[in-house]
Number of protein chains: 2
Amino acid sequence: MKTVSPHTLSPPCEEVEHSPVSASIGDVAHLAGVSVATVSRAIRGLPNVSPATRDRVLKAAAELQYVAHPHASRLAAGRTMTVGMAVPMLTQWFFTQVVAGAEGVLAANGYDVLLYGVPDADTMRRFIDEMPLSKRVDGLIVVDLPVETSDVERLRQAGPVVTVGVDSCAPSVTIDNVEAAATATRHLVNLGHRRIGLICHLPPQALEFTAPVQRRLGYERVLAEAGIAVREELIVPGNFALQGGAEAMAQLLTVDRPPSAVFAESDEMAIGALKTVRDAGLHVPGDISVVGFDDHDMAAYTDLTTVAQPAMQEGEAAATLLLESMSDDDDRDVSSIVLPTKMVVRATTGPERSSDRLAG
Amino acid sequence: MKTVSPHTLSPPCEEVEHSPVSASIGDVAHLAGVSVATVSRAIRGLPNVSPATRDRVLKAAAELQYVAHPHASRLAAGRTMTVGMAVPMLTQWFFTQVVAGAEGVLAANGYDVLLYGVPDADTMRRFIDEMPLSKRVDGLIVVDLPVETSDVERLRQAGPVVTVGVDSCAPSVTIDNVEAAATATRHLVNLGHRRIGLICHLPPQALEFTAPVQRRLGYERVLAEAGIAVREELIVPGNFALQGGAEAMAQLLTVDRPPSAVFAESDEMAIGALKTVRDAGLHVPGDISVVGFDDHDMAAYTDLTTVAQPAMQEGEAAATLLLESMSDDDDRDVSSIVLPTKMVVRATTGPERSSDRLAG
DNA sequence: CTGAAAGCGCTTACAG
DNA sequence: CTGAAAGCGCTTACAG
């Protein structure tokens with residue numbers, strides 16, 4: 001890092017008071033000639049304020065640019081108008097979509113969102129232990145974190161909880177990972193493939209997410225249905241990123257009787273795999289078929305066959321569910337949602353060729 | 001959306017109190033046999049507490065799992081231990097990296113981060129108008145938003161401000177976009193190209209970001225140096241995403257005397273452009289060279305020549321700067337930072353061929 | 001080194 | 001329909 005050279009510097013800001021005198025509820029009350037209690041009621045649209053009074057208050061508030069101090073409100077009323085969102089990592093496609101979707105509807109409803117990166121088990125434990133005590137949110141959206149019932153129950157002390165990507169005792173937004181993975185695998189089986197690899201997700205020492213487990217289940221179920229034995233050496237972990245996928249594929253190519261088709265549990269890994277295949281001088285789908293999972297933007301541009309999930313909608317739905325839970329006194333009847341996935345066949349999958357040059 | 005079928009439902013959570021009795025400072029004081037003032041001092045590590053007393057307080061606090069209510073602290077002390085982050089959109093590579101980087105260091109320092117999506121001019125105006133009044137953050141990180149000096153000065157009423165990607169009167173973290181773009185363009189010129197297209201960023205009706213302007217400047221400057229006239233029809237806007245890049249390239253291919261090389265202002269657009277070129281049956285870099293900007297994960301996997309910027313570091317540096325500003329009473333001497341970029345030559349650029357079949 | 005008390009800016013019964 | 005007052009859970013001079 002080098003610091004900026006003088007000539008590129010913008011002029012420094014003018015000195016300002018960091019805590020300017022901004023209007024308080026008392027100022028508004030004074031201007032409107034009513035009590036602070038009335039201001040409070042008028043501004044929040046509570047009943048029992050005469051139209052004329054409400055008008056005067058609103059006008060005064062506008063004139064003073066009054067905005068209620070959120071922490072004071074929280075302290076007095078017990079609500080923060082903010083929602084916490086916990087995601088394992090901020091840079092992966094799925095999470096960015098979910099966060100963006102949720103932030104959009106939350107903001108539209110006047111809620112702030114507090115973002116927590118929860119990359120490992122330690123952080124998750126701390127999050128679960130401390131969040132409910134800190135009283136800083138009205139509700140929580142928990143994405144993909146492998147929380148147990150006791151964890152969710154603890155978190156719910158902070159307010160309603162909605163989980164995304166994991167089933168839980170709280171309302172959740174999920175997809176049917178088993179079925180989606182089964183569909184992808186079945187697609188390969190239907191094309192005549194019998195040696196089908198799986199690039200799965202096995203975190204180094206990180207959190208044990210449930211989606212990978214379920215997707216593997218779908219894969220194994222279809223193999224069983226088709227009377228194909230699972231070969232452990234065809235199941236290789238990546239790290240849900242490009243490089244992991246590339247390395248996993250490299251390993252699959254070294255196996256005795258290597259796969260003629262591979263299902264990768266994320267598009268990022270699938271694209272990494274494609275690169276390895278091509279770098280090895282092999283053709284897709286001539287020599288090897290590859291199917292991904294997600295329908296990442298990049299999937300269309302690599303002509304990747306994949307199973308699409310509506311990640312941004314998952315975030316939106318979670319926010320909507322949470323909004324419901326927070327407004328209901330009784331959130332018992334807020335129901336979970338399973339969003340549909342969809343097989344998208346593009347150009348990276350094709351029929352198995354008996355003349356397969358990899359058959360060995 | 002279909003709601004979940006009964007048999008997939010997890011058992012509902014046990015009923016809980018949403019506002020459980022959690023320990024207050026009074027409880028701790030009581031247990032430790034001291035006053036709340038002493039508890040406050042002891043816990044925050046202030047001087048003037050005897051070691052023995054401090055010990056007793058800390059023990060009591062631990063026993064009760066005491067966590068200070070942040071809103072009460074804020075109200076009394078005027079600090080929230082939370083930082084606001086405003087980003088134009090949450091799903092683009094650059095922004096996710098910056099947010100992830102900043103969140104990491106902020107969380108490590110005990111700060112919460114409030115995330116604001118600011119997708120358009122209206123939202124930005126509202127953000128600037130209301131944020132300072134709402135007193136909900138101790139400081140602000142503003143990413144890429146085209147804020148003017150008056151905007152920053154207003155925002156600074158909420159607390160220190162650091163901008164990322166834009167120069168401002170506040171401390172900033174930037175890269176030298178002009179120079180970086182010039183380097184990319186010069187790379188093309190040095191390969192003998194004279195007809196060089198630019199896929200730039202021109203938002204439909206959105207915010208006018210400064211990076212695109214600067215990158216275009218760098219492009220034009222190098223053309224001028226090389227004695228090449230700027231041809232307006234070779235400058236085509238994309239939307240900073242794959243599809244925009246693909247469409248822009250399609251347009252470039254229809255131009256009379258089309259470019260033999262193209263500089264795209266983001267890798268995402270460059271990759272979209274690559275797709276168009278190949279779909280048209282042309283070869284990269286044989287027929288057309290393409291250079292991007294960012295060094296997105298995907299760049300290595302498409303063998304894209306690009307100029308790399310350290311996006312995550314930009315986020316980390318911004319957080320560090322903000323931390324400094326917030327701790328200093330006087331943040332006048334918190335200096336701006338310009339992070340280095342780096343040309344990464346891979347396989348999508350090559351020499352201009354005079355036998356160019358596009359030359360017409 | 002420690003405590004009593006005022007105050008941060010709101011909301012909410014409770015009277016009227 | 002409206003206001004006076006208590007209270008939310010802390011921090012911070014001010015005394016001692």
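To find a chain, count down the sequence lines: A is the first, B the second, and so on, and within it residues start at 1.
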- request: Take the protein atom CZ of B:Arg74 and the nucleotide atom P of C:dG9, then report the distance between them rounded to whole Å.
  value: 10 Å
query: For the pair made of CG in A:Leu75 and P in C:dT12, what is the distance, rounded to whole Å?
result: 12 Å
- prompt: Of all the choices, C:dC1, C:dA4, C:dT12, which nucleotide is nearest to the side chain of B:Ser50 once you look at every atom?
  reply: C:dC1
Integer-rounded Å distance: C:dC10 C1' and A:Tyr66 OH: 7 Å
query: Between B:Arg44 and D:dT12, does any side-chain N or O lie under 4.0 Å from OP1 or OP2?
result: yes
Test: B:Arg125 and B:Asp151 ion pair at under 4.0 Å: yes
- request: Sort out the partner of C:dC14 for me: Watson-Crick or G-U wobble, both distances under 3.5 Å, none otherwise.
  value: D:dG3
Donor-acceptor pair present, B:Arg41 side chain and C:dG3 base, under 3.5 Å: yes
field: Side chain of B:Ala72 (C-beta onward), nearest among C:dA5, D:dC10, D:dG3
entry: D:dC10
- request: Please state how far atom NE2 in A:His69 lies from atom C1' in C:dG7, giving the value in whole angstrom units.
  value: 13 Å
- request: Verify the contact: side-chain N or O of B:Ser24 to OP1 or OP2 of D:dG9, cut-off strictly under 4.0 Å; return yes or no.
  value: no
message: Counting only side-chain nitrogens and oxygens, does A:Ser35 get under 4.0 Å of the OP1 or OP2 atom of D:dG3?
response: yes
Closest-nucleotide 5' rank along DNA chain C - winner of A:Ala37 and B:Pro47: B:Pro47
- prompt: Separation of B:Arg79 atom CZ from D:dC10 atom P, in whole Å?
  reply: 16 Å
- prompt: Quick one: B:Leu46 CG to C:dG3 P, roughly how many Å, whole number?
  reply: 15 Å
Side-chain N or O of B:Thr53 closer than 4.0 Å to phosphate OP1/OP2 of C:dT2: yes
statement: Looking only at D:dT11, D:dC10, C:dC10, the nucleotide nearest the B:Ser40 side chain is D:dT11
